[in-house]
2 protein chains.
Amino acid sequence: MNDKSSNISKRRRTARAKDSADYVAKRAEVLGAAATLFKQQGFHSTRLVDVAREAGLDRATIYYYAGSKEELLQDIVGGVLDTAIAAAQELGADVTLTGMQRLHQIFVILMTSYEENYPATFVYIQEQMHQVGVQETEWAKAILKRTRLFDRMLIDFIKEGIEEGDLRSDIPPRLHENALFGMLNWTHRWFVPGGGLTGRQVAETFWSIYTGGALTDSGRKKICTSDPVLSVVNG
Amino acid sequence: MNDKSSNISKRRRTARAKDSADYVAKRAEVLGAAATLFKQQGFHSTRLVDVAREAGLDRATIYYYAGSKEELLQDIVGGVLDTAIAAAQELGADVTLTGMQRLHQIFVILMTSYEENYPATFVYIQEQMHQVGVQETEWAKAILKRTRLFDRMLIDFIKEGIEEGDLRSDIPPRLHENALFGMLNWTHRWFVPGGGLTGRQVAETFWSIYTGGALTDSGRKKICTSDPVLSVVNG
DNA sequence: ATCAACGTCAACGTCGGCGTTGACGAACTT
DNA sequence: AAGTTCGTCAACGCCGACGTTGACGTTGAT
């Protein structure tokens, strides 16, 4: 007997190093169970014993697949930003596109990615990973940095839309962004894949509201609110 | 000496019964400190020792003003729904109003109340009080019930707007509501009273986007997305 | 001067949840 | 058949946060 072998973290490391299909699959199952509960009850309210029950395992077995509760969270929300940023960068690099086209594309891409990665992305949104003060870890800082980067890219698209004369200039870019993000990110409270609506449908519907408004033609004649809004309220 | 007098919960009860101005004021201060931290870090992540420090007291002193951490939360978010529901009922009772007028009113009322009750209402939004599974307490059930009631009233206003021909009928009422609520409730992530924009300004801006869209006139000519959206995506 | 009430706080009991240990059967190896 | 690896789990230590205790100055009433 080697003196210090049966240590769970070592067992986990070796298992992870072998990278067998079985192990990876079961690990994904555990992550899935955790993601489901994190989304349902929030990260802090979720007990590891619940995750274990959801996955059909003992709580201790969780540690064979993940080193800590934090690690579960990080692995769940780890990649969600990268795809979004990559997509935005690609759109930004395509010089043939207008700001509005870029904005529309990124909007649809985000919503469909929310759907595909369900519920991982919604956990990311719910847990407010971008908030300072959650933790001062390197990982948290990296997330925050990438979030800011994505924010800046979106704002740039919006500014393009304004400069190109398509988007109303009486609304500050930040409010454009918050309106857009609001409709989109609020989906984490109600959207469920397979619930009658696809992510694509939701995205296109919200985009059409954002661009053209929710009024009918006759409604638009009755209710006219296209004046510069902020100055109206100010004056 | 009476055998069981110096009991903190009794002291609290008698103090609360007396209802002195001092006590009420200090209690409000404690609630305010808690609300600030609950909004910043979330309910579960906030330690009572932090609340105490924020209020400039010892942790034990908190219990002279509130019986538990839960009580703090409940008292913070307790009344936020009632005012909203009362406003909606008042609007619903006024037979001279159209659906759109009701919707506009409630939208502005909600946003300004978010501002006035800051940060209490944002704590309510953030902590997802409406979610089942948070707790099975009577209080939680009551909150859930009132949330549903408010939801139904909003949906009714939207249906009126559709039936009166003002709102687009190609978008299901639920999506109208989610778009509206999305823009509005997402403010809990970025809106800070005194940060350059009033709640009223935000509400009117978002309302104008919701009704008229974010496009300029020239943008509207270039980008036409007012067709029935869902069927387009489906077909 | 005395006493009660008030606001406060150091110190304690308690408990729930995290992460680890060490061992047990099953399956696969040699 | 003996050994090894794999997945699993009963049991433990530990810590941090909640809620309570009991007592201390201070203030105001008698």
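For clarity, every value in this text was computed on a predicted model and none was experimentally measured. No hydrogens, no waters, no symmetry mates; every other heavy atom, side chains included, goes into these values.
For K18(B), no side-chain nitrogen or oxygen approaches OP1 or OP2 of dA5(C) to under 4.0 Å. Put simply, K26(A) has a side-chain N or O that comes within less than 4.0 Å of OP1 or OP2 on dT8(D).
The salt bridge (Lys or Arg N to Asp or Glu O under 4.0 Å) check on D151(A) picks up R174(A), with sequence neighbours excluded. Here N117(B) pairs with nothing under the side chain to side chain donor-acceptor pair (under 3.5 Å) rule; sequence neighbours left out. D94(A) meets the side chain to side chain contact (heavy atoms under 4.5 Å, CB included) test with T96(A), L97(A); sequence neighbours excluded. For R102(B), the salt bridge (Lys or Arg N to Asp or Glu O under 4.0 Å) partners at least two apart in sequence or on another chain are E160(B).
Counting to the nearest Å, the C1' atom of dG19(C) and the CD atom of E71(A) are 13 Å from each other.
For the pairing with Y114(B), the ring-ring contact (aromatic ring centres under 6.0 Å, His included) check across F191(B), W186(B), F122(B), Y124(B) returns one residue only, F122(B).
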Polar atoms only, N or O, under 3.5 Å: list the protein pairs with nucleotides 25-30 of chain D and their distances.
none

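When side chains are defined from C-beta on, N178(B) counts as touching F206(A), because their heavy atoms get closer than 4.5 Å. Counting heavy atoms from C-beta on, the side chains of I106(A) and M153(A) never come closer than 4.5 Å. Between K18(B) and Y23(B) there is no side-chain heavy-atom pair separated by less than 4.5 Å.
When heavy atoms are screened at a 4.0 angstrom cut-off, S68(B) is found touching the sugar-phosphate backbone but no base atom.
A heavy atom closer than 4.0 Å to some atom of DNA chain C occurs in R47(A), L48(A), R59(A), A60(A), Y63(A), these being the qualifying members of residues 47-64 of chain A.
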